[in-house]
Structures are given as structure tokens and as C-alpha cells.
Amino acid sequence: MLDIRLIRDTPDQVKQRLANRSGDFASLVDEVQSIDTQRRAAETERQKLQGDRNRISKEIGIAKKNGQDTSAIEAEVRVIGSRIEEIGREADVADARQRDLLLSIPNLPHEDCPVGSTAEENPEVRVWGEKPAYDFQPKDHTVLGAALRMLDFEAGVKISGSAFVVYRGAGAKLERALISFLLDLHTTQHGYEEISPPLLVKSECLVGTGQLPKFGDQVYHSAADDLYLIPTAEVPVTNLHRDEILPLEKLPVNYAAYTPCFRREAGSAGLGTRGLIRMHQFDKVELVKITTPETSMAELESLTANAEKVLQLLGLHYRVIELCTGDIGFGSSKTYDIEVWAPGQGTYLEVSSCSTFGDYQARRMNLRYKDENGKNRIPHTLNGSGTALARLFVALVETYQQADGSILIPEALRGHFGAEKIG
RNA sequence: GGUGAGGUGGCUGAGUGGUCGAAAGCACAUCUUUGCUAAAGAUGCGUAGCCUUAACAGCUACCGAGGGUUCGAAUCCCUCCCUCACCGCCA
């Protein structure tokens with residue numbers, strides 16, 4: 001969430017920067033401001049009264065020790081007590097309301113973030129490789145997957161409904177090989193620590209990373225236990241340090257985690273019509289960093305480079321775009337998307353979204369670090385997919401398909417897959 | 001799931017209704033002294049909020065969480081959570 005002091009001191013600047021996002025947040029900022037004023041007035045009054053009560057209660061203790069009658073003075077404190085209760089309720093209500101409001105206001109886009117209103121205005125940052133040429137009509141991964149008995153969409157529907165899939169045979173093995181290839185790359189070449197977190201988390205975690213309270217309809221929830229299925233490993237992994245004060249030496253923190261991800265995709269158009277591209281459950285290797293504010297922008301570049309390395313090693317053509325202010329996520333202050341080319345689709349597919357959240361998530365989860373002067377400061381959090389598996393699977397299979405319907409395994413993956421081709 | 005024990009500051013640990021935000025020790029920081037790969041002493045050393053300031057200071061809250069009793073709660077009562085041990089069940 002945003003720093004209330006920033007809103008208090010420079011409300012117009014805050015509103016101006018939020019105005020570049022999609023959605024209107026000016027009225028929320030106004031409301032936070034007026035609640036904050038009320039809250040502080042009530043808080044000040046409460047604290048003054050509490051001080052009075054503490055002082056007089058001490059006097060009662062002393063008087064009683066001296067054997068004096070204290071009934072009059074006790075009655076006086078009783079009046080103060082009921083007043084404290086009254087004003088305290090006001091303060092608590094205002095405090096809760098203020099927190100709710102702050103949790104509903106998105107992060108400020110970074111100064112570097114290109115201004116724009118829709119995805120069409122996202123600038124292309126760079127392109128790697130080029131679209132492969134085929135002397136035959138490249139097939140869609142659903143066709144290839146069915147022919148090679150790798151993907152069974154009917155079985156997914158039978159077991160769990162639309163937008164679920166069963167990987168089988170070489171498909172299941174390819175998925176597994178990709179996971180271990182990605183984890184090995186990031187842990188041995190890029191310096192990340194591997195994390196295997198719980199897939200069910202408490203609501204506090206989702207508040208911490210920003211999915212709650214606004215996007216509760218997008219996550220699966222087990223009401224009986226009040227636990228949520230993670231929509232991304234970002235949630236449990238970033239929250240590893242919720243409510244902690246990290247020593248400076250521990251920064252930057254670099255974590256890589258493979259997990260399945262679960263998304264309800266409520267309101268998404270085209271669910272279930274395009275093979276693996278948008279599923280309720282998909283695998284992903286996520287990269288998470290916690291850094292000092294001074295280094296976060298450089299770390300965003302290296303995080304993005306780490307994710308790009310995956311596609312480079314697999315020889316997949318991709319481009320990097322930067323999201324404009326109208327398209328970045330709720331908690332993000334700057335985001336790069338990596339889109340891989342899928343020949344069978346004839347489109348680019350987003351396989352990674354690399355963002356810095358500035359101190360936005362850290363403030364929500366009360367995460368801090370001690371700086372060189374021993375002062376508590378708020379670190380920056382970053383994350384990016386390194387990469388999403390289902391779409392990577394699509395790009396890989398479609399890119400390396402051969403005229404005879406078989407699929408070549410790129411060299412970098414052969415050690416993990418244990419064969420040179422499928423089919 | 002059952003029974004028992006317990007949750008106090010970075011750690012250990014005292015504190016069962018009244019100057020307790022909390023003794024003591026350890027760790028840590030600064031300073032002093034002696035000197036040499038260490039010792040002694042002094043001082044300081046939690047988090048958040050409010051109010052202020054050039055800066056300091058001051059006030060309030062926090063002893064697992066929430067509620068209750070009371071003029072006053074770390075301390076008494078209730079509910080919940082967690083940890084440990086043993087038992088049961090189980091991949």
C-alpha cells in the first residue's frame with residue numbers, strides 16, 4: 001500500500017500519478033485523506049485521556065497505600081474510562097476504514113513507466129531471434145499434442161471441467177524436464193535459492209502481495225479451512241519474510257520456486273478454447289527478489305535477463321515489451337513482459353511478467369530491513385516468471401515441430417529430457 | 001483427534017493486581033582505561049502511533065491473539081492460535 005504520509009503531504013501528486021492508470025482513484029485518495037484527519041483527531045484525544053487515567057490511577061494506588069478514601073476520585077476515573085471507550089471506538093473504526101481504503105489503492109507507476117492507457121501503447125523494448133520459417137504449414141500444439149498422445153484435453157474436462165488438461169507420456173515428461181531445467185538454470189547459473197512452498201496459504205499472504213481484498217474472486221478458496229490455493233508462487237515466497245526485519249547482509253534475497261498455479265479466471269473471455277494458453281491450473285517457475293530501494297531497478301533488469309536466458313537457451317524467438325501505466329498490474333510500479341513466439345498460433349504468448357513493486361508489497365506485509373545505520377527501512381520486492389510452463393510448452397512444441405509431425409528437443413534440454421525427439 | 005506442559009524484549013530468563021515497557025545475564029553499539037589479538041568500567045540498546053521540532057524531548061499502545069473484570073492487568077476470568085512431549089490416526 002501507499003505511505004499515508006505521502007498521501008497526506010502531496011495528495012495532488014499522488015492523484016496525478018494514479019490518473020495514468022486505468023480506473024479512477026482520485027476519490028479514494030480524497031476519502032483516505034479525510035479519514036486520516038478524523039482518525040488522528042480521535043487518536044490524539046484517546047491518548048490524552050489514557051494519559052489522564054494512568055496518572056490518576058497511580059495516585060489511587062498511592063492513596064490506598066496511605067489508607068485514604070479514594071471513592072470520589074475513583075468515580076472521576078470511571079467517567080474518563082467511559083469516554084475513552086467512546087472515542088476509542090471512533091478511532092478504531094476510522095483506523096480500519098483507512099486501512100481498507102489504502103489496501104484498495106494501487107501502486108504508483110514508476111517515473112520510468114511509459115504513460116499510456118491500453119496494451120496497444122506498450123513499447124517494444126527488444127527482440128531476440130526471429131520467427132522460424134517452415135516449408136510446411138506449422139500445426140497448433142493441440143493437434144501435435146493429440147497426435148503424439150502428450151495432451152489430453154478431454155480427460156481434463158472429464159476429471160475437473162473445462163480449462164483443465166492431462167499431460168501424459170512424453171508430454172508429462174517434457175513438462176517435468178522443463179521444470180527441472182528451469183530450476184537448475186536459475187539456482188546454479190543465476191544464484192537463486194530453490195524454494196518449494198505450500199500451495200495453500202492464509203489470507204494474510206494474499207493481502208501482503210496484493211491479491212486481496214480487491215481480487216478475491218480470482219483465487220480458489222477453501223472455506224472450511226479459510227485457506228487459498230496460490231495463484232502464483234509469488235504469494236507464498238514473498239510472504240516468507242512477512243512481518244520480519246531483515247538484516248542488511250541478507251539482501252538481496254533471491255528465490256526461485258516451482259509451483260502449480262491456480263486461477264479461477266472469472267470473467268475471462270475465451271477460456272478453454274485455445275488449448276493450453278489459459279488454464280485454471282498451470283505450472284510455473286517464479287523468481288522473487290527482495291532488495292534495497294537503491295538497487296531494485298538494476299535488479300529488475302537482471303531478473304528480466306534471467307528469465308530471457310531461458311528462451312535463449314531453448315532457442316525460442318521472443319520479444320520484451322514494457323507495460324505502460326494503463327496496463328501494469330495493481331501492485332506493480334514497473335513491468336516488463338516477455339512474449340515468446342508460437343508458430344502454430346501465429347502470435348506471441350506472454351510467458352513472463354517481471355515487475356518491481358517498489359515498497360508497495362513490503363509495506364502491506366510489514367516487511368522491513370535494517371540499513372547500515374541500524375534504522376528500519378522498507379525494502380523493495382520484485383518477481384517475475386522464469387517462466388510459465390504451459391505456454392513455454394506450447395512455444396517449444398510448435399517451434400520444434402518437424403514436417404513428419406515429430407518434435408525435436410532443443411539441445412539445452414536433452415540432458416533433462418533424456419531424448420533428442422518426440423515421435 | 002486426546003492428555004499434559006508452556007508461549008515475556010535479538011537470545012536466556014525473573015516477574016501473580018498498583019510508579020513494570022518490564023529485573024538480571026548474554027549479545028550488540030559508543031566511550032574511557034589498561035594494553036595487545038584480550039580484560040575492566042561507563043553509557044546506550046525493541047516496535048508502532050500521536051503530538052511536536054532546526055534538533056532533542058514528550059505522550060500512548062504493545063508481555064501469543066481477541067474479549068472480559070477493575071479506578072488500575074504481563075499478573076485474575078473466557079475464547080482462540082501456536083510450540084513441545086506422549087498417545088491415537090495417517091501419505
Side-chain angles (χ1 to χ4, degrees), chain A residues 1-9 32-103 196-208 222-229 236 239-251 253 259-260 359-379:
Chain A
M1 57 191 167
L2 300 180
D3 186 352
I4 182 62
R5 272 165 288 211
L6 189 66
I7 295 174
R8 206 184 282 159
D9 297 342
V32 166
Q33 242 190 316
S34 80
I35 284 285
D36 180 51
T37 306
Q38 290 173 35
R39 192 197 105 245
R40 285 189 296 155
E43 191 61 35
T44 304
E45 174 73 4
R46 163 156 70 176
Q47 293 186 358
K48 184 189 151 295
L49 290 169
Q50 281 171 328
D52 290 346
R53 180 175 66 183
N54 288 347
R55 194 166 31 75
I56 299 173
S57 289
K58 261 175 198 167
E59 286 170 15
I60 290 173
I62 294 165
K64 280 202 162 164
K65 213 170 268 172
N66 297 335
Q68 293 165 339
D69 173 51
T70 56
S71 51
I73 196 167
E74 276 181 35
E76 188 190 324
V77 180
R78 245 186 298 263
V79 174
I80 297 177
S82 56
R83 179 73 186 131
I84 288 174
E85 213 163 299
E86 230 172 88
I87 196 83
R89 246 193 305 272
E90 265 177 53
D92 290 344
V93 167
D95 189 68
R97 178 68 186 145
Q98 178 172 329
R99 184 170 166 77
D100 282 352
L101 288 168
L102 282 174
L103 288 177
S196 181
L199 308 180
L200 287 159
V201 296
K202 302 178 185 178
S203 63
E204 295 95 294
C205 295
L206 289 152
V207 171
S222 163
D225 307 287
D226 196 22
L227 289 171
Y228 296 82
L229 274 167
N239 276 280
L240 238 30
H241 297 292
R242 176 159 48 85
D243 285 317
E244 288 185 9
I245 302 176
L246 297 168
L248 187 60
E249 312 84 75
K250 281 189 98 169
L251 301 183
V253 165
T259 69
D359 60 11
Y360 187 83
Q361 290 183 326
R363 187 173 279 112
R364 288 171 85 104
M365 65 177 75
N366 193 29
L367 164 62
R368 289 159 297 169
Y369 75 99
K370 280 228 186 287
D371 71 8
E372 52 282 350
N373 300 315
K375 291 204 63 133
N376 292 337
R377 293 181 66 199
I378 302 176

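The chains referred to below are lettered A, B, ... by the order of the sequence lines, with proteins before strands, and numbering in each begins at 1.
- Contact check, A:Asn376 against B:rG46: no side-chain N or O comes under 4.0 Å of OP1 or OP2.
- Under the 4.0 Å criterion applied to side-chain N and carboxylate O atoms, A:Asp52 and A:Arg55 are assigned as salt-bridge partners.
- Between A:Arg99 and A:Asp95 no salt bridge is recorded (no basic side-chain N to carboxylate O distance below 4.0 Å).
- Within 4.0 Å (heavy atoms only), A:Arg46 reaches no atom of the nucleic acid at all.
- The side chain of A:Arg368 places an N or O atom within less than 4.0 Å of a non-bridging phosphate oxygen (OP1 or OP2) of B:rA48.
- A salt bridge links A:Arg46 to A:Glu43: at least one charged side-chain nitrogen sits closer than 4.0 Å to a carboxylate oxygen.
- Without hydrogens or angle criteria, A:Arg39 side chain to A:Ala94 main chain gives no donor-acceptor distance under 3.5 Å.
- Between the base of B:rG72 and the side chain of A:Glu74 there is no donor-acceptor pair shorter than 3.5 Å.
- B:rG64 and B:rU8 are spaced 10 Å apart, taking the C1' atom of each and rounding to whole Å.
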List the atom pairs, with distances to 0.1 Å, where a side-chain N or O of residues 71-86 of chain A and a protein N or O form a donor-acceptor pair under 3.5 Å, not counting sequence neighbours.
{"unit_1": "A:Ser71", "atom_1": "OG", "unit_2": "A:Asp69", "atom_2": "OD1", "d": "3.2"}
{"unit_1": "A:Ser71", "atom_1": "OG", "unit_2": "A:Asp69", "atom_2": "OD2", "d": "3.1"}
{"unit_1": "A:Glu74", "atom_1": "OE2", "unit_2": "A:Lys64", "atom_2": "NZ", "d": "3.3"}
{"unit_1": "A:Glu74", "atom_1": "OE2", "unit_2": "A:Thr70", "atom_2": "OG1", "d": "2.9"}
{"unit_1": "A:Ser82", "atom_1": "OG", "unit_2": "A:Val79", "atom_2": "O", "d": "2.9"}
{"unit_1": "A:Arg83", "atom_1": "NH1", "unit_2": "A:Glu86", "atom_2": "OE1", "d": "3.1"}

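- Here A:Lys48 does not reach the OP1 or OP2 of B:rG58: none of its side-chain N or O atoms lies under 4.0 Å away.
- Spacing between B:rU19 and B:rA73 at atom P, rounded to whole Å, works out to 11 Å.
- Nearest nucleotide to the side chain of A:Lys64, out of B:rC71, B:rA61, B:rU19: B:rC71.
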With pairs defined as Watson-Crick or G-U wobble and both distances under 3.5 angstrom, please note down RNA chain B as a dot-bracket string, | for pairing with another strand. ((((((((.[[[..)..(.....]]].((((((.....)))))).(((((.......))))).[[[[[..)....]]]]])))))))....

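- Residue A:Lys202 places its NZ atom among 12 or fewer non-hydrogen atoms of other residues, nucleotides or ligands, all under 6.0 Å distant.
- Without hydrogens or angle criteria, A:Asn239 side chain to A:Cys205 main chain gives a donor-acceptor distance under 3.5 Å.
- In this structure, A:Arg39 reaches the sugar-phosphate backbone alone: every heavy-atom distance under 4.0 Å involves primed, P, OP1 or OP2 atoms, never a base.
- Of the candidate nucleotides B:rG72, B:rG21, B:rC50, B:rC50 has the atom nearest to the side chain of A:Arg40.
- Across the P atoms, B:rA22 and B:rC62 are found 13 Å apart, a figure rounded to whole Å.
- Rounded to whole Å, the separation between the C1' atoms of B:rG58 and B:rC51 comes to 8 Å.
- Here A:Arg99 lies out of heavy-atom contact (under 4.0 Å) with every strand.
- The nucleotide whose nearest atom lies closest to any side-chain atom of A:Ile245 is, among B:rA61, B:rU47, B:rC50, B:rU47.
- Using a 4.0 Å cut-off, some side-chain N or O of A:Arg5 falls inside it from OP1 or OP2 of B:rG49.
- For the P atom pair drawn from B:rU30 and B:rG46, the interatomic distance equals 16 Å after rounding to whole Å.
- One P atom belongs to B:rA74, the other to B:rG66, and the distance between them is 13 Å to the nearest Å.
- Rounded to whole Å, the separation between the P atoms of B:rU43 and B:rG4 comes to 48 Å.
- Heavy atoms of A:Lys370 sit under 4.0 angstrom from primed sugar atoms or phosphate atoms, though from no base atom.
- The backbone N or O of A:Lys375 lies less than 3.5 Å from a partner atom in the side chain of A:Asp371, making a donor-acceptor pair.
- The listed nucleotides are B:rC71, B:rU19, B:rG49; the one nearest the side chain of A:Gln47 is B:rG49.
- When the P atom is compared between B:rG1 and B:rC50, the two are found 41 Å apart, to the nearest whole Å.
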